[in-house]
Number of protein chains: 2
Amino acid sequence: MSDSPATIMLVDDHPLLRKGLKQLISLADNLTVIAECSNGADALIKAEELDPDLIILDLNMQGMDGIETLKRMRDQGVTSRIVMLTVSDADEDVVAAITHGADGYLLKDMDPELLLEQIVRAIEGKMVLSEAITEVLATALRRPSAPTASKLDTLTNREREILELIAKGMSNKLIARELDISDGTVKVHVKHLLKKLGLRSRVEAAVWMVNQEQLTDKN
Amino acid sequence: MSDSPATIMLVDDHPLLRKGLKQLISLADNLTVIAECSNGADALIKAEELDPDLIILDLNMQGMDGIETLKRMRDQGVTSRIVMLTVSDADEDVVAAITHGADGYLLKDMDPELLLEQIVRAIEGKMVLSEAITEVLATALRRPSAPTASKLDTLTNREREILELIAKGMSNKLIARELDISDGTVKVHVKHLLKKLGLRSRVEAAVWMVNQEQLTDKN
DNA sequence: CGCAAACTATCTCTTTTGGGGTAATTGCTA
DNA sequence: TAGCAATTACCCCAAAAGAGATAGTTTGCG
């Protein structure tokens with residue numbers, strides 16, 4: 001290590017948490033906080049200007065969120081180590097953070113001493129992950145990733161139509177009336193669509209579809 | 001005011017945030033933090049034991065959440081002023097907090113100076129609400145109540161639990177295995193929960209629940 | 001033209017679901 | 001103590017769903 005302290009930038013829209021974090025970091029004499037930002041836009045500018053050794057980035061921020069900020073920083077050519085700090089251990093967030101170039105993912109409810117250790121390790125170039133996170137990441141990587149959208153494509157128009165009605169909670173009989181076909185025919189379509197999607201019941205199909213709709217709505 | 005400093009107890013499962021908050025409070029010489037808890041159960045014991053002037057209570061905690069903790073404290077006869085501190089400005093939370101006897105509702109992303117002012121005002125016996133919150137509260141009160149959340153509240157714990165499993169697509173048999181009860185019993189609970197929610201099938205229930213979860217997740 | 005895929009429909013059979021009831025146990029409350 | 005709500009479990013029965021097979025009609029493509 002060098003003899004001058006490592007530079008750290010904090011990005012979090014909770015002043016209180018910044019304060020706590022800064023105080024924590026001040027306990028280590030080879031670390032220094034050179035900047036604080038309360039939002040992503042600010043962080044982008046300061047990151048380029050100051051080129052800190054480490055950026056600690058909150059995931060859940062108003063306006064531009066942590067992932068978006070991270071993405072833009074990397075696009076902009078920021079080479080600082082970047083560690084996400086967050087309350088969320090949601091699968092997608094972890095995966096998104098790592099795939100977009102985060103060097104770590106720590107949870108806010110960690111023990112402060114441990115957190116400080118991890119920060120030091122991050123500056124030393126190591127990937128730091130909360131324990132709870134490593135599992136999530138491992139299982140996420142085991143799955144190739146989003147095969148979901150493609151699955152919908154394997155369905156015929158009629159099957160997709162019927163799946164959407166199932167996702168509204170409708171029974172075969174109601175669907176039959178709605179589409180003006182026999183309920184026996186609906187059963188055939190349901191049978192096929194379940195097989196194609198690898199699901200075991202219309203309830204699974206409904207849940208899957210609703211989540212699917214929500215996912216695509218976000219983008 | 002008296003000449004001895006007012007006593008404050010902090011309840012939050014993020015050590016970091018407690019640290020920041022404690023430091024902030026230490027800036028005022030007529031305030032003193034006499035206890036810190038990382039969970040609701042601990043808080044219940046210490047609150048009764050120490051009877052602080054003010055309890056600052058995190059809403060989103062592991063295990064017993066803030067509202068539950070608040071409720072039990074009041075049931076237990078704790079007369080301290082209690083202020084909720086949280087990231088969430090979800091309508092239901094605010095209303096729930098106030099109706100269960102909270103004396104204030106502050107957001108974690110407030111300006112620290114302002115936060116400190118509000119803490120002082122709370123100790124002086126005033127109701128303190130973040131600006132963003134007053135609006136929420138006003139509109140929440142204008143409506144008689146939340147039409148959706150109230151329906152979930154009519155369910156018993158077991159029914160809600162089973163509804164959540166249905167919302168994962170599980171069959172009665174699977175749910176029975178999961179909860180280690182007979183599948184006949186699961187059917188009884190399903191029957192009741194459908195009647196209470198005014199739904200006609202588990203598929204409707206699943207769809208309703210998934211949408212419900214998504215709505216509450218956003219806040 | 002011939003063929004495959006999609007859509008339709010029907011039949012059979014098993015499993016699941018939902019609605020009705022009764023009843024024992026527990027724990028809390030008036 | 002009596003009563004009530006919640007949880008558990010069982011009964012019966014009708015409706016719905018799902019899996020299998022078979023088959024007619026239409027449509028588009030090589």
Side-chain angles (χ1 to χ4, degrees), chain A residues 150-210 212, chain B residues 41 44 64 67-69 71-77 100-101 149-210 212:
Chain A
S150 57
K151 272 191 187 171
L152 245 191
D153 294 340
T154 67
L155 301 185
T156 67
N157 291 333
R158 205 48 154 175
E159 286 163 354
R160 212 173 305 120
E161 192 173 10
I162 287 177
L163 178 54
E164 276 160 17
L165 296 179
I166 288 177
K168 286 184 179 175
M170 293 170 70
S171 68
N172 289 340
K173 201 173 288 184
L174 279 178
I175 294 173
R177 245 174 264 161
E178 175 83 17
L179 301 180
D180 203 32
I181 56 179
S182 89
D183 55 340
T185 300
V186 176
K187 286 174 70 171
V188 174
H189 288 306
V190 172
K191 193 195 310 179
H192 289 160
L193 114 222
L194 287 178
K195 194 167 194 91
K196 284 187 184 174
L197 298 179
L199 301 174
R200 280 170 299 287
S201 75
R202 69 197 295 105
V203 188
E204 284 189 11
V207 172
W208 182 84
M209 189 60 193
V210 172
Q212 212 50 209
Chain B
L44 280 176
M64 196 191 306
I67 297 289
E68 185 63 23
T69 306
K71 206 188 304 182
R72 296 213 198 171
M73 279 184 181
R74 290 311 189 198
D75 284 347
Q76 220 172 74
H100 287 105
S150 58
K151 273 191 188 171
L152 247 191
D153 293 342
T154 66
L155 300 186
T156 68
N157 291 333
R158 205 49 153 175
E159 287 163 355
R160 213 172 305 120
E161 192 173 10
I162 287 177
L163 178 54
E164 277 160 18
L165 296 179
I166 289 178
K168 287 185 179 174
M170 293 171 71
S171 70
N172 288 342
K173 202 173 286 184
L174 280 178
I175 294 173
R177 245 174 265 162
E178 173 83 18
L179 301 181
D180 202 31
I181 55 179
S182 88
D183 55 339
T185 300
V186 175
K187 285 175 68 173
V188 174
H189 290 306
V190 172
K191 194 194 309 180
H192 291 160
L193 113 223
L194 286 178
K195 194 168 193 91
K196 285 187 185 174
L197 298 179
L199 301 174
R200 280 167 300 287
S201 74
R202 68 198 295 104
V203 188
E204 285 189 12
V207 173
W208 182 85
M209 188 61 193
V210 172
Q212 216 43 216

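Note that the coordinates shown come from a computational prediction; the quantities given were computed from them, not determined experimentally.
Where B:Gly184 and A:Leu199 meet DNA chain D, the nucleotide closest to each residue was compared, and B:Gly184 sits on the side nearer the 5' end. Where A:Asp180 and A:Lys196 each meet DNA chain C at their nearest nucleotide, the meeting point lying more 5' is that of A:Lys196.
In this structure, the CD1 atom of A:Ile162 is 14 Å from the P atom of C:dA6, given to the nearest Å. In this entry the distance linking NZ of A:Lys195 with P of D:dA19 reads 8 Å, nearest Å.
To the nearest 0.5 Å, the span separating CG on B:Leu155 from CG on B:Leu197 amounts to 5.0 Å. Rounded to the nearest 0.5 angstrom, B:Lys191 NZ and B:Glu159 CD are separated by 11.5 Å.
In this structure, B:Ser182 does not reach the D:dT8 phosphate: none of its side-chain N or O atoms is under 4.0 Å from OP1 or OP2. One finds a side-chain N or O of B:Thr185 lying less than 4.0 angstrom from the OP1 or OP2 phosphate oxygen of D:dA9. Contact annotation: A:Thr156 side-chain N/O to C:dA5 OP1/OP2 distance is not under 4.0 Å.
B:Leu165 has its side chain within reach of B:Leu179: a pair of non-hydrogen atoms, C-beta onward, lies under 4.5 Å apart. Side-chain contact check for B:Val188 versus B:Arg158: every heavy-atom pair is 4.5 Å or farther apart.
If you check every strand for non-hydrogen atoms under 4.0 Å, B:Asp183 touches nothing.
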Short N/O separations, protein against nucleotides 13-18 of chain C, under 3.5 angstrom:
from   : atom 1 : to       : atom 2 : distance (Å)
C:dT16 : OP1    : B:Lys173 : NZ     : 3.3
C:dT16 : OP2    : B:Lys173 : NZ     : 2.7
C:dT17 : OP1    : B:Arg202 : NE     : 3.4
C:dT17 : OP2    : B:Asn172 : N      : 3.3
C:dT17 : OP2    : B:Asn172 : ND2    : 3.4
C:dG18 : OP1    : B:Arg202 : N      : 2.5
C:dG18 : OP2    : B:Arg202 : NH1    : 3.0
C:dG18 : N7     : B:Lys187 : NZ     : 3.3
C:dG18 : O6     : B:Lys187 : NZ     : 2.6

Can A:Lys173 and A:Arg177 be said to form a side chain to side chain contact (heavy atoms under 4.5 Å, CB included), step by step? CA-CA 6 Å; A:Lys173 201 173 288 184; A:Arg177 245 174 264 161; 3.6 Å; yes

Going through the checks in order, is the salt bridge (charged side-chain N to carboxylate O under 4.0 Å, His left out) test met by A:Glu164 and A:Arg160? CA-CA 6 Å; A:Glu164 276 160 17; A:Arg160 212 173 305 120; over 6 Å; no

